[in-house]
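Down below is the structure, laid out as structure tokens.
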Amino acid sequence: MAVLPAEEARFEYSVPVVVIGAGACGLTAALAARECGAETLVLERDAKPAGSTALSTGLIPAARTRFQRALGIADSPELLAEDIWRKAKGETDRAIVDAVARAAGPTIEWLADRHGVAFRLVEGFLYPGHSVLRMHGTPHRTGRELEDALLAAAGRLGIDIVTSAVATDLYASSDGRVAAVRFSRPDGAVETVGCEALVLGCCGFGGDKEMVRRHIPEIADAEFWGHVGNKGDAIKWGRALGAAIADLGSYQGHGAVATPYGNPVNWGLLTNGGYQVNLLGQRFSNEVRGYSEQAVEVIAQPGRVAWNIFDELREQPILGFTDYQQIQALGGVKKAPTLRALAALVGLPSDALEQTNAAVDALRAGAPEDRWGRSFRDSPPLAPPFCAIKVTGALFHTQGGLVIDPTARVLRVEGAPLPNLFAGGGAARGLSGPSNWGYFSGGGLLSATTLGRIAGENAARCAQ
Ligand SMILES: Cc1cc2nc3c(=O)[nH]c(=O)nc-3n(C[C@H](O)[C@H](O)[C@H](O)COP(=O)(O)OP(=O)(O)OC[C@H]3O[C@@H](n4cnc5c(N)ncnc54)[C@H](O)[C@@H]3O)c2cc1C
């Protein structure tokens with residue numbers, strides 16, 4: 001992963017806009033650049049494009065969409081921006097938050113109406129940090145469905161996606177202008193393509209164990225459920241080009257990955273009144289602050305696991321999620337007519353589980369909040385059959401990256417933009433601030449799609 005002198009670049013063909021990475025960011029950027037009239041080529045390391053996007057649940061928050069209006073939900077870009085800002089405790093870039101919040105609704109409608117992505121609003125529960133219902137997903141709530149819809153849209157626009165092509169090096173002049181990208185093929189062949197503008201949609205560094213250990217040691221020993229091909233290349237090239245890089249300690253964790261199955265368990269089980277216990281049958285945290293910060297809470301428990309405890313009332317809104325159906329089919333959802341029977345079924349101490357449940361019921365009945373700051377008020381007690389899923393904490397993707405301006409242009413350490421380099425999604429600094437607690441539910445794909453679109457439009461203009 002080097003940046004080589006532009007004079008050394010030898011290429012037989014050149015394309016106005018080159019995009020590295022065919023996940024949500026890269027594909028959205030390519031769609032936008034192509035619509036703006038620029039011929040666009042995408043380089044993707046995998047034979048079948050997937051990225052973390054295809055591994056995800058595919059849910060994207062957006063405000064003031066027609067999907068919200070159809071259900072009478074009042075929302076605004078300002079409220080979305082405030083929610084993101086509050087979650088990040090004000091420790092992120094306000095200009096990017098505002099730009100993303102403004103662009104999110106139009107991007108969702110653009111993807112739906114122009115590019116055939118079959119979004120629906122997720123109903124039945126609020127995600128942590130969201131003031132209103134605003135999560136948009138495809139019918140089966142899978143990232144594979146989202147990725148396939150984006151690939152189909154790219155195909156309709158005739159965008160070339162060169163697969164099995166690992167971008168290895170950039171060629172740039174001394175002022176930082178990228179002239180070409182070198183990439184390698186599985187047979188060892190090396191090719192170079194020239195460009196007028198480059199979009200980095202190659203995500204973060206979750207797939208580089210050494211980088212994860214260096215920058216976020218607290219989660220280095222947890223499982224990584226994102227795309228292993230995301231090895232921090234944007235950061236490596238950015239460093240060589242003198243780009244500013246921020247928040248490398250920031251990441252999206254997840255505190256309820258069904259174990260041993262590997263599917264994320266929807267947080268609606270918890271926000272609607274379920275809770276987590278450790279192997280001692282005891283609660284240990286405020287489960288609804290956010291699923292990202294919950295990852296380290298769970299892996300700090302005995303055996304690095306917890307059990308989500310809930311009932312069928314809480315299960316109802318998430319029955320349509322493919323991930324949940326897969327956990328069910330694999331036998332991961334345990335049910336029993338009494339708490340004691342549930343405890344016996346899953347191997348938890350029954351007295352402790354009953355005491356924990358009684359304490360939660362007392363909170364439901366009126367106490368303002370528990371010692372971790374969680375309120376259960378207005379949430380009815382769990383009713384039989386009682387349900388449980390064994391979960392662990394995992395790293396989903398990293399949030400630190402290249403510092404960009406609201407036009408998705410990559411900035412130098414000194415603050416001025418590099419001439420023709422753009423970034424979005426996991427390649428760019430996220431919206432989360434410096435750590436794990438700032439991750440706003442759906443913030444990953446929110447950055448990928450909105451900044452991808454902005455990057456693509458501006459890369460096309462830059463290439464003219
Ligand atoms: C289990 C799970 C569930 C999630 N659920 C959600 C959710 O519901 N909502 C949400 O907002 N976020 C979610 N996320 C996070 C979300 O998946 C990511 O934030 C998002 O997919 C990032 O998009 P991206 O386009 O930046 O990266 P990716 O989708 O990872 O795409 C990057 C692409 O770049 C390619 N690439 C990398 N390096 C190179 C190179 N050198 N040359 C060529 N190609 C390269 C990769 O192969 C990959 O295809 C989830 C993550 C996981 C793991």
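Numbering of ligands and ligand atoms starts at 1, following listing order. Please read all numbers here as calculations on a predicted model, not as lab measurements.
- Checked against L445 for a side chain to side chain contact (heavy atoms under 4.5 Å, CB included), the options T53, T28, T57, L59 give a single hit: T53.
- The aromatic rings of Y439 and Y291 sit tilted, their planes meeting at an angle between 30° and 60°.
- For ligand 1, the atoms closer than 4.0 angstrom to any heavy atom of L55 are 1 (C), 2 (C).
- Donor-acceptor pairing under 3.5 Å is recorded for the side chains of E315 and Y324.
- When heavy-atom distances to ligand 1 are checked against a 4.0 Å cut-off, F440 has no atom that comes that close, whether in backbone or side chain.
- Salt bridge absent: D221 and R304 never bring a charged side-chain N and a carboxylate O closer than 4.0 Å.
- The G21 neighbourhood of ligand 1 comprises atoms 33 (C), 34 (O), 35 (C), with distances under 4.0 Å to a heavy atom of that residue.
- For a threshold of 3.5 Å applied to N or O pairs, the pair formed by L445 and ligand 1 contains at least one separation below that value.
- Atoms of ligand 1 lying under 4.0 Å from at least one heavy atom of G444, given by number and element, are 11 (O), 19 (O).
- Side-chain polar atoms of N436 and S292 form no donor-acceptor pair below 3.5 angstrom.
- Only backbone heavy atoms of A165 (N, CA, C or O) come within less than 4.0 Å of ligand 1; its side chain stays farther off.
- Donor-acceptor pairing under 3.5 Å is recorded for the side chains of E35 and W110.
- For ligand 1, none of its N or O atoms has an N or O atom of W225 under 3.5 Å away.
- With a 4.0 Å heavy-atom cut-off, ligand 1 is reached by the side chain of D233 but not by its N, CA, C or O.
- Checked against the 6.0 Å centroid threshold, F321 and H140 do not count as a close aromatic pair.
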Exercise. Let me see the working for D208 and K231 under salt bridge (charged side-chain N to carboxylate O under 4.0 Å, His left out), right down to the final yes or no.
Key: CA-CA 5 Å; D208 183 322; K231 296 181 181 296; over 6 Å; no

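- Listed by number with element, the atoms of ligand 1 under 4.0 angstrom from any heavy atom of G229 are 37 (C), 38 (N).
- Contact annotation: for E44 versus ligand 1, heavy atoms closer than 4.0 Å belong to both the backbone and the side chain.
- At the top of the distance list for atom 44 (N) of ligand 1, counting protein heavy atoms only, stands R45 N, 3.1 Å.
- Where the criterion is an N or O separation shorter than 3.5 Å, residue side chain and backbone included, W237 fails it with respect to ligand 1.
- Counting heavy atoms closer than 4.0 Å to ligand 1, residue E147 contributes nothing at all.
- Side-chain atoms of Y127 and N266 form a donor-acceptor pair, as typed in the model, at a separation below 3.5 Å.
- Side-chain polar atoms of S285 and Q294 form a donor-acceptor pair below 3.5 angstrom.
- Taking every heavy atom of I20 and a limit of under 4.0 angstrom, the matching atoms of ligand 1 come to 40 (C), 42 (N), 43 (C).
- The contact set between ligand 1 and A448, taken as ligand atoms under 4.0 Å from a residue heavy atom, comprises 23 (O).
- Residues K87 and R289 come closest through the heavy atom pair CE-O, 3.2 Å.
- Below 4.0 Å from some heavy atom of H227 lie the following atoms of ligand 1, by number and element: 46 (C), 47 (O), 48 (C).
- Remark: ligand 1 and G426 share an N or O pair separated by less than 3.5 Å (distance only, no angle test).
- Heavy atoms of S52 found under 4.0 angstrom from ligand 1 belong to the backbone as well as the side chain.
- With ligand atoms numbered from 1 in the order given, ligand 1 contributes 26 (O) to contacts under 4.0 Å with heavy atoms of G425.
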